[in-house]
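Below is one structure, written out as structure tokens; the observations come after it.
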Number of protein chains: 2
Amino acid sequence: MTYSHPKLLVAIDCLVFGYDLSEESLNILAFQRKVEPYAGDWSLIGSFINEGEDMSQAARRVLKQFTGLDDVFLEQLHVYGNADRDPGGHVLSILHWSLIKLDDLHKETAEKHGARWFPIDQMPELVLDHGDMVQLGMQKLVTNAKTRPLGFELLPEEFTLPQLKRLYDAIYGRQLDDRNFRKRMLSTELLEKLDKKDKSTSKKGAFLHKFNKEKYEELAEKGYLLDLDVK
Amino acid sequence: MTYSHPKLLVAIDCLVFGYDLSEESLNILAFQRKVEPYAGDWSLIGSFINEGEDMSQAARRVLKQFTGLDDVFLEQLHVYGNADRDPGGHVLSILHWSLIKLDDLHKETAEKHGARWFPIDQMPELVLDHGDMVQLGMQKLVTNAKTRPLGFELLPEEFTLPQLKRLYDAIYGRQLDDRNFRKRMLSTELLEKLDKKDKSTSKKGAFLHKFNKEKYEELAEKGYLLDLDVK
DNA sequence: CTAACAAGCGTTTTGATAACGTTTAAGACT
DNA sequence: AGTCTTAAACGTTATCAAAACGCTTGTTAG
């Protein structure tokens with residue numbers, strides 16, 4: 001080690017949004033803190049970063065521990081750096097966020113670790129500044145959903161257009177026009193229609209689609225800007 | 001201290017954009033690194049965060065030291081958290097960015113500290129991952145300039161519409177249509193026209209304007225979204 | 001065979017903006 | 001004094017995208 005300077009405790013906290021397709025509800029993962037101060041209070045999932053550990057690796061480690069998941073959407077979001085934000089000591093927290101599709105398996109994995117999924121409108125009080133983190137994450141979800149293909153991270157590989165539409169309803173907190181929504185989505189030419197129907201929500205059934213991520217990323221490289229801001 | 005866990009070195013680095021109105025050029029502040037490894041190489045300005053010091057305070061401290069400025073646009077931008085990003089040791093860097101108006105005084109203050117202002121298209125090679133930081137900052141400047149009132153941070157209190165237009169030309173890297181630009185800017189009703197003219201660039205002179213920041217922030221609170229994406 | 005209903009498709013209206021032309025103010029030049 | 005020059009300021013039209021809304025289709029349940 002070349003540098004000589006006091007060091008800091010650095011934590012990563014992770015705001016995980018999980019969409020439950022069967023209930024069509026957007027949820028956030030919280031867990032009961034095990035260390036003092038505030039042991040037993042609800043908080044986001046998190047961990048200190050270890051010496052020599054990449055920050056992104058620490059984030060993946062935490063997410064894996066509480067959800068069992070690898071290879072899902074996981075990005076840094078914001079740094080909380082006030083020296084007095086945690087009465088237990090000067091801890092810098094780097095908030096991350098993750099988007100996953102929720103199923104019963106994840107719910108079990110969570111419970112095993114003292115964690116629970118809460119619908120976004122039924123969050124309990126959170127410890128420290130974790131309430132602010134949730135608020136920021138909700139804002140970012142809404143704004144980013146308009147310009148990035150985040151919706152597909154919250155749904156299974158195959159989904160119907162009505163399902164996708166109701167997901168965006170949940171994110172934006174209002175009813176979109178299904179006809180304009182469909183038109184906009186299809187106009188991107190990023191969805192592949194399959195020859196299968198899902199009949200879980202209607203007699204007629206709705207065609208399943210897949211999001212062509214490769215095509216999107218190729219276009220994005222060339223400067224393509226997605227715009228999913230529909231009324 | 002309640003927690004027992006290994007700590008990390010945490011630095012803040014600051015990408016400072018300075019707009020020189022007289023030369024109508026956008027610049028970035030770089031300085032010659034004083035510590036090994038890579039002493040003498042160009043880098044962004046930065047510092048380690050001290051024990052008990054707020055991150056934002058550390059950022060302000062660095063900016064003040066190299067520019068003499070307080071109370072200017074300064075925000076966190078991105079965390080660089082790879083354990084091996086610095087061969088001198090595991091140092092987490094929290095990139096910040098700042099936007100200021102450049103004048104001769106700031107150039108002198110910079111030189112006193114071994115720092116220099118470089119036009120954005122004439123940046124030298126930077127140390128470590130600081131080149132990535134500049135690239136990210138440039139991207140963010142372009143995208144954020146479309147939805148936030150960043151331009152006014154780079155200009156003096158009073159400016160003319162042609163000056164503002166040429167600033168955005170520099171940011172976007174292309175010539176905007178002056179008539180559409182003016183219309184869009186005025187349509188926000190966030191500019192106050194003064195009874196003074198600036199004649200530095202024409203015989204006729206151009207009316208000076210002020211940006212009504214209070215009005216903008218009031219509107220922004222209520223959900224107003226600025227849109228300065230003009231052709 | 002018909003009722004019910006979500007899914008899917010289509011048309012009209014509206015409004016924003018890109019593209020471009022014209023007028024104005026003031027110093028420079030004769 | 002009158003004309004020229006030039007950036008600044010103002011205005012108009014054509015184009016296109018999206019908001020608003022109506023209609024048809026496919027399937028099952030009764």
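Quantities reported herein were computed from a predicted structural model and do not represent experimental measurements. Note on naming: letters A, B, ... go to the chains in the order of the sequence lines (proteins, then strands), and numbering restarts at 1 for each one.
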Under 3.5 Å donor-acceptor pairs involving side-chain atoms of residues 222-231 of chain B, not counting sequence neighbours:
{"unit_1": "B/D227", "atom_1": "OD1", "unit_2": "B/D229", "atom_2": "N", "d": "3.1"}

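A cation-pi arrangement, defined by a distance under 6.0 Å to the six-membered ring centre and an angle within 45 degrees of its axis, is absent between B/K210 and B/F159.
Under the salt bridge (charged side-chain N to carboxylate O under 4.0 Å, His left out) criterion, B/E217 pairs with no residue at all, not counting sequence neighbours.
In this structure, B/T160 does not reach the D/dA8 phosphate: none of its side-chain N or O atoms is under 4.0 Å from OP1 or OP2. OP1 or OP2 of D/dA8 has at least one side-chain nitrogen or oxygen of B/R166 nearer than 4.0 Å. Of the side-chain N and O atoms in A/K197, one or more sit less than 4.0 angstrom from OP1 or OP2 of D/dT27.
The base of D/dT6 lies outside donor-acceptor range of the side chain of B/K204, with no N or O pair under 3.5 Å. Below the 3.5 angstrom threshold, one finds no donor paired with an acceptor across the side chain of B/D178 and the base of D/dA8.
Of the N and O atoms on the side chains of A/D41 and A/S43, not one donor lies less than 3.5 Å from an acceptor on the other residue. Defined by atom type and a distance below 3.5 Å, a donor-acceptor pair is present between the side-chain atoms of B/D13 and B/S93.
Using a 4.0 Å heavy-atom criterion, one finds that B/K183 contacts the bases of the nucleic acid, with or without backbone contacts as well.
Each of A/D177 and A/G205 was assigned the nucleotide of DNA chain D with the nearest heavy atom; the assignment lying further toward the 5' end belongs to A/D177. Between B/K203 and A/R179, it is A/R179 whose nearest contact on DNA chain C lies nearer the 5' terminus. Position along DNA chain C of the nearest nucleotide to A/S202 versus B/K231 favours A/S202 as the more 5'-ward residue.
With a cutoff of under 4.0 Å to any heavy atom of chain A, the contacted region of DNA chain C is bounded 5' to 3' by C/dA4 to C/dT11.
The shortest distance between side-chain heavy atoms of B/K101 and B/Y19 does not fall below 4.5 Å.
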